[in-house]
Amino acid sequence: MQRTNIYLTDEQQDLLRDRARDEGVSKAELIRRLLDEALGLSMAKGDLLAAVEESAGVWADRTDEEIAEVFHWRTFDRFGRLGL
């Protein structure tokens with residue numbers, strides 16, 4: 001991530017501050033989100049919901065042992081599986 005300085009009008013600052021407070025995020029995070037949206041880097045809510053729905057049931061055929069193994073990798077053995 002890189003730092004960037006920009007000049008905003010007083011009105012932009014006020015609106016940005018209010019919206020960030022309403023959404024419970026920092027101004028910097030709100031700016032990043034707005035830029036992602038404007039630049040087409042974020043998924044629309046409908047696209048995100050579709051992706052979640054498409055992934056439903058993906059693990060339905062997994063055994064409890066397989067699920068436990070993946071959980072172990074993600075929780076306890078992140079570097080071990082990479083040989084580190």
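In what follows, every heavy atom counts, from backbone to side chain, and hydrogens, waters and symmetry copies are set aside.
In this structure, His72 NE2 and Glu65 CD are separated by 15.0 Å, a value rounded to the nearest 0.5 Å. The CD atom of Glu37 sits 6.5 Å away from the CG atom of Leu34 when rounded to the nearest 0.5 Å.
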Sequence neighbours left out, cut at 3.5 Å: what donor-acceptor pairs do the side chains of residues 24-33 make with other protein atoms?
unit_1	atom_1	unit_2	atom_2	d
Ser26	OG	Glu29	N	3.0
Lys27	NZ	Gln13	OE1	3.0
Glu29	OE1	Arg32	NE	3.4
Glu29	OE1	Arg32	NH2	3.1
Glu29	OE2	Arg33	NE	3.0

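More than 12 heavy-atom neighbours from other residues, nucleotides or ligands sit within 6.0 angstrom of CG on Asp18.
Distance alone, capped at 3.5 Å, is enough to place a donor-acceptor pair between the Gln12 side chain and the Thr9 backbone.
Residues forming a side-chain contact (heavy atoms from CB on, under 4.5 Å) with Ser55 (at least two apart in sequence, or on another chain): Val58. Legend: residues meeting salt bridge (Lys or Arg N to Asp or Glu O under 4.0 Å) with Asp22, ordered by chain and number and at least two apart, are absent.
A single hydrophobic cluster is not seen to contain both Met1 and Leu41; linkage of ILVMFWY side chains at heavy-atom distances under 4.5 Å, directly or through other members, places them apart.
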